[in-house]
Amino acid sequence: MDQDRPRVETGRVLWSDGMDLLQDAAERKHLLPTGLEGIDTLLGGGLRKGQLTELTGQSSSGKTQACLYSAAHVAARHMGAVLYLDTSNSFSPSRIARILDELPISFIKEPKDVRLKRVMSSIICESVFDIFALFEVLNQLEVSLNNKVNNGGKKICLLIIDSISSLLAPIIGGKYSQGRSMMISVAMILKKLADKHNLSVLVTNHMVAGNGAPKPALGESWKAVPHIRLMISRDRGSNICTATILKHTLLASGRHMKFAVPG
Amino acid sequence: MKNEIQESVGILKADKGANKFKGAEEPSGVLKGAQNAWDMLSEEQLQKHISTGSSDLNGILGGGIHCKEVTEIGGVPGVGKTQLGIQLAINVQIPMDYGGLGGKAVYIDTEGSFMVERVYQIAEGCISDIMEYFPYHHDKSSSGQGNLQPERFLAGIYYFRICSYTEQIAVINYLEKFLGEHKDVRIVIIDSVTFHFRQDFDDLALRTRVLSGLSLKLMKLSKTYNLAVVLLNQVTTKFTEGSFQLTLALGDSWSHSCTNRLILYWKGNERCAYLDKSPSLPVASTPYAVTSKGVRDAATPNCKRVRIM
């Protein structure tokens, strides 16, 4: 039946019907667990492939930790390679090693040091410090995904940008709208990458002062961009964080769950 | 017209050169220039940290101030931020033979709080501690002993005094060229980073944009030149959740612009430091002291425990 359908140059079908999509969903291969129980439960299993998830929260609320946990868990479960784009030099390999240490041994059947090397080799980290460098990196990523370049045999399945708001903060606001148009360009590129190559994209955003309560940065135009928006907050002086759904394509907003980030 | 044509030709040539890499097969990885976490782990384990002078403080920081990261140190006026800044500018110069980095320091002073006499005093204090710690070492290397003079330490600090926010932006832009020429600089201290932005700035949105741009440039400098960037910042009170809390000046928009954050505060008569943000270390606090020799551990021995605030 697939052969009847018109295809674009890349060989993908132009449309699929509901039954195909349902079958895809039933196979449940499209969820990437973050490793933080509360977030996974809240998301119904994990980060969805093909979708853009945003994590927003105040400073030191646990966003970078959530990103590190996701990178570690996705790489550990053989789900694919992870590309981590870091804007604040916060990617900590020793923290990833400690997270992997905490995984139960029975979970993955190989000696710890072998697992450590395998997992760490699947996480690629690149520092980006301005929006143009980000465009360049995404362009290179697209080219290499199109050419089916693999990192040691594993295809990238998770792209993390921590944090995209620090790259966009110097350019948005002000009289001219170039900043906002670049933000929307980045958003479109990320969503296209996610959809075409079945990646999950995780970005973090910070909060700014609003009227009364703090609100996520990047403004109104960004609100429509991510498929899923989660807000994290940390209780002062403790390891317990709360995640709240701000926007989700399937689940109800406002649901929240607590999770602990082990020291 | 001719200049424009030449410029366009230059851009096209540069782009053509870049394009050669883009289409090529990358056998080693998906992205040109990216590292994987395994290589970064080995590199990280070889990194030396910059001692703060107090071993308790080094403990909560995971050995000291990290290179390749931006650390923000905030505190009320008078708690000793400048003292800590000067101590770091001296400690980065401790020669490798004595366990230090043997590098130079760049000190960008916005408030004029850099007192040379105090720097000399702290340098002397540092040298006397080294002599005490390594009593036999300096006998063997006579050149090493010659190097341990306070004047050498003072000569190893590149000092910039800036008086307005435009000068601050200019000096940070200039730093890239400066650091390319002076590759032995291992720490850049800015005291204090937000001083010139708190007054005189009418357009707050512009201020946010400028500061975000500055912080990204500093992040890039620290990564590219493998040095530590230390930003000293004022602290203000914020009324949240029914009580007054200390937060750093310039609030939420600035708060994500650093890798680590240390807050210095008074607890009774004692100075304490609280690690507020770090990608790999847990929150912890510890007391410390400022003596005539510089920043050292707190005097009373039973304050060694590190407690969560």
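Values below: every heavy atom of this structure, side chains too, minus hydrogens, waters and symmetry copies. Order of the sequence lines sets the chain letters (A, B, ...), proteins ahead of strands, with each chain counted from 1.
- For V82(A), no part sits under 4.5 Å from any heavy atom of chain B, backbone or side chain.
- No more than 12 heavy atoms of other residues, nucleotides or ligands shown are found within 6.0 angstrom of CZ on R180(A).
- Ring geometry for Y165(B) against F197(B) counts as tilted: the plane angle lies between 30° and 60°, on a 0 to 90° scale.
- Note on S92(A), S59(A), P93(A): by heavy-atom pairs under 4.5 Å with chain B, the leading option is P93(A).
- In this structure, a donor-acceptor pair under 3.5 Å is present between the side chains of T87(A) and S166(A).
- Between V76(B) and Y265(B) there is no side-chain heavy-atom pair separated by less than 4.5 Å.
- Classification of the H73(A)-Y69(A) ring pair by plane angle, with boundaries at 30° and 60°, yields parallel.
- Side chains of R234(A) and S60(A): a donor-acceptor N/O pair is present below 3.5 angstrom, by distance only.
- Using a 4.5 Å cut-off between heavy atoms, L116(A) touches chain B through backbone and side chain atoms alike.
- Heavy-atom pairs under 4.5 Å with chain A were tallied for L211(B), L218(B), L216(B), N260(B); the largest tally goes to L216(B).
- For residues 197-207 of chain A, heavy-atom neighbours of chain B at less than 4.5 Å comprise H206(A), M207(A), sorted by residue number.
- In this model, no donor atom of one side chain and acceptor atom of the other lie less than 3.5 Å apart for S192(B) and N233(B).
- Judged as a salt bridge (Lys or Arg N to Asp or Glu O under 4.0 Å), and not counting sequence neighbours, the contacts of D276(B) are R261(B).
- One distance of note links CG of L167(A) with CD1 of I172(A); it measures 11.0 Å at 0.5 Å rounding.
- Under 3.5 Å, the side chains of N89(A) and T259(B) contain no donor-acceptor pair of N or O atoms.
- With a threshold of 4.5 angstrom between heavy atoms, K223(B) approaches chain A through its backbone and through its side chain.
- Each of Y84(A), F91(A), F129(A) has some count of heavy-atom pairs under 4.5 Å with chain B, and the biggest count is that of F129(A).
- Contact of L41(B) with chain A is made through backbone and side chain together, with heavy-atom distances under 4.5 Å.
- Within the 4.5 angstrom heavy-atom criterion, no atom of S215(B) approaches chain A.
- Your options are A71(A), S90(A), P214(A), S163(A), and the one with the most heavy-atom pairs under 4.5 Å with chain B is S90(A).
- When each of Q45(B), K220(B), K277(B) is scored by its heavy-atom pairs under 4.5 Å with chain A, the top score falls to K220(B).
- Within the 4.5 angstrom heavy-atom criterion, atoms from both the backbone and the side chain of A169(A) approach chain B.
- Here the side chains of L61(B) and L275(B) are in contact, with some heavy-atom distance below 4.5 Å.
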